[in-house]
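Lettering follows sequence order; numbering is per chain, from 1. Nothing here was measured: the structure is a model prediction, and the numbers come from that model.
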Protein chains: 2
Amino acid sequence: MPNEDPLRPPGRLESLTQWQSGKIATLGARLTSSRMPLGGRADFAVLAALQQFGPLSQADIGRSLGLDRNDVNEVVGRLEGAHHVHRMPNPTDRRRNTVTITAQGARHLDELEAIAHEIQNDLLQGLDQNERVQLRALLRKVLASHGPQPS
Amino acid sequence: MPNEDPLRPPGRLESLTQWQSGKIATLGARLTSSRMPLGGRADFAVLAALQQFGPLSQADIGRSLGLDRNDVNEVVGRLEGAHHVHRMPNPTDRRRNTVTITAQGARHLDELEAIAHEIQNDLLQGLDQNERVQLRALLRKVLASHGPQPS
DNA sequence: CAAACAACGTTGGTTAGGCCAACATAAAGG
DNA sequence: CCTTTATGTTGGCCTAACCAACGTTGTTTG
């Protein structure tokens, strides 16, 4: 027994937060890929962590962002090549690298943040300012309730 | 000047809905992959569309779910192999396949839905019932404000 | 009516993200 | 001391989203 027009997602999916989040993330990814340089999202995340917390080891970067050590390594390598960060061995713990953001990296972070806010504005065009604040708060609460599980 | 402990995501990311949605989607994917059979999410979506809207062409399934024609084709092939759907050429438009859910497929849909609700419950454990309703409504509003853009 | 156009299913890729395995080195703990 | 744990690094796997191209079939238009 057909119910309605198949132009919208079925109700079973529209009531699944999991599915909704995935779709919105995909929308964001599409907007991002057409406006940010390649790897921009990961670069932005790593630079933001370094800017806020100061020099970090690669493992700490990963824990802060929920990223795998391996992937952090790749991003840091790319950022180092662009002189956006500075990677040197930690003398007091020679297993670790100390990753530091450069002045050029800080500028790049600001540029990426501006783009990110434009994207956010387009993404949330259907919500007024109060609703956007509510949504951010709810999503943060969900994330906070899940400890850093992965890798 | 380091601010706080790097055990949490930087503020610049925590205020980006795009990043938050992605992280939550990843959490959901992790929970899903450990409890649903392989390809369960896509199967669930396609079966849900067929159940709600009745027999559909593969292109209509894709439009309803925001999926690419190619990917729909793959999922329908898998579902057909498991006798969860029934695929036959449409006599009035021989370009189209008419995809119909079977009784076995409807049972499978119910099983997958039960698992999906368990996952949803774990994912949203930090929110009370009112907050969950609010969150769903806000996410739906965001999705509704973006027409079916892709493929 | 005929020719151009658009839609559909299908095959076969590409890319980015998230993840796991294994290793050598270095530190920490017994 | 020996064992265990942490770190960076290399290399690879898999899923999801996408794109390109093709032959076939409707649809539209000159």
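At distances below 3.5 Å, not a single donor-acceptor pair connects side-chain atoms of H108(A) with backbone N or O atoms of Q104(A). In this structure a side-chain-to-backbone donor-acceptor pair under 3.5 Å is missing from R87(B) to V99(B). Side-chain atoms of S64(A) never come within 3.5 Å of backbone atoms of D60(A) as a donor-acceptor pair (strictly under, hydrogens ignored). Side-chain atoms of H146(A) come within 3.5 Å of backbone N or O of L123(B) as a donor-acceptor pair. Side-chain atoms of R41(B) never come within 3.5 Å of backbone atoms of T32(B) as a donor-acceptor pair (strictly under, hydrogens ignored). The closest donor-acceptor contact from the side chain of Q52(B) to the backbone of A49(B) lies at 3.5 Å or more, if one exists at all.
Near DNA chain D, meaning a heavy atom under 4.0 Å away, the residues from residues 78-97 of chain A are R87(A), R95(A), R96(A), N97(A). The stretch residues 32-50 of chain A touches DNA chain C through L38(A), R41(A), each having a heavy atom within less than 4.0 Å of the strand.
Per the geometry, CG belonging to L31(B) stands 15 Å off P belonging to dG18(C), to the nearest Å. With rounding to whole Å, K23(B) atom NZ is found 12 Å from dC19(C) atom C1'. Note: CD (Q18(B)) to C1' (dG17(C)) measures 14 Å, nearest angstrom. Nucleotide dT15(C) holds its C1' atom 15 Å from the CZ atom of R30(A), rounded to whole Å. The separation between D60(B) atom CG and dG9(C) atom C1' is 13 Å, rounded to whole Å. If you take CD1 of I61(A) and P of dT7(D), they are 12 Å apart, rounded to a whole angstrom. The distance from atom CD of E74(B) to atom C1' of dA16(D) is 10 Å, rounded to the nearest whole Å. When rounded to the nearest whole Å, the span between CG of D68(B) and C1' of dC8(C) equals 13 Å.
For D110(B) and R107(B), the salt-bridge test fails: no basic side-chain N is under 4.0 Å from an acidic carboxylate O. Here E14(B) pairs with R8(B) in a salt bridge; the nearest charged N to carboxylate O distance falls below 4.0 Å.
Here the nucleotide nearest the side chain of N70(A), chosen from dG8(D), dC18(D), dA21(C), is dA21(C). When the nucleotides dG8(D), dG18(C), dA17(D) are ranked by their closest atom to the side chain of S57(A), dG8(D) comes out on top. Listed nucleotides dC18(D), dC8(C), dC19(C) differ in distance to R69(B); the shortest reach to its side chain belongs to dC8(C).
Under 4.0 angstrom from either OP1 or OP2 of dT9(D) there lies at least one side-chain N or O belonging to N73(A). Q58(B) has a side-chain polar atom (N or O) that falls below the 4.0 Å cut-off from OP1 or OP2 of dT10(C).
Remark on DNA chain C: of its neighbouring residues D71(A) and T98(B), the 5'-side contact belongs to T98(B), judged by nearest-heavy-atom nucleotide.
Residues forming a side-chain contact (heavy atoms from CB on, under 4.5 Å) with A137(B) (at least two apart in sequence, or on another chain): none.
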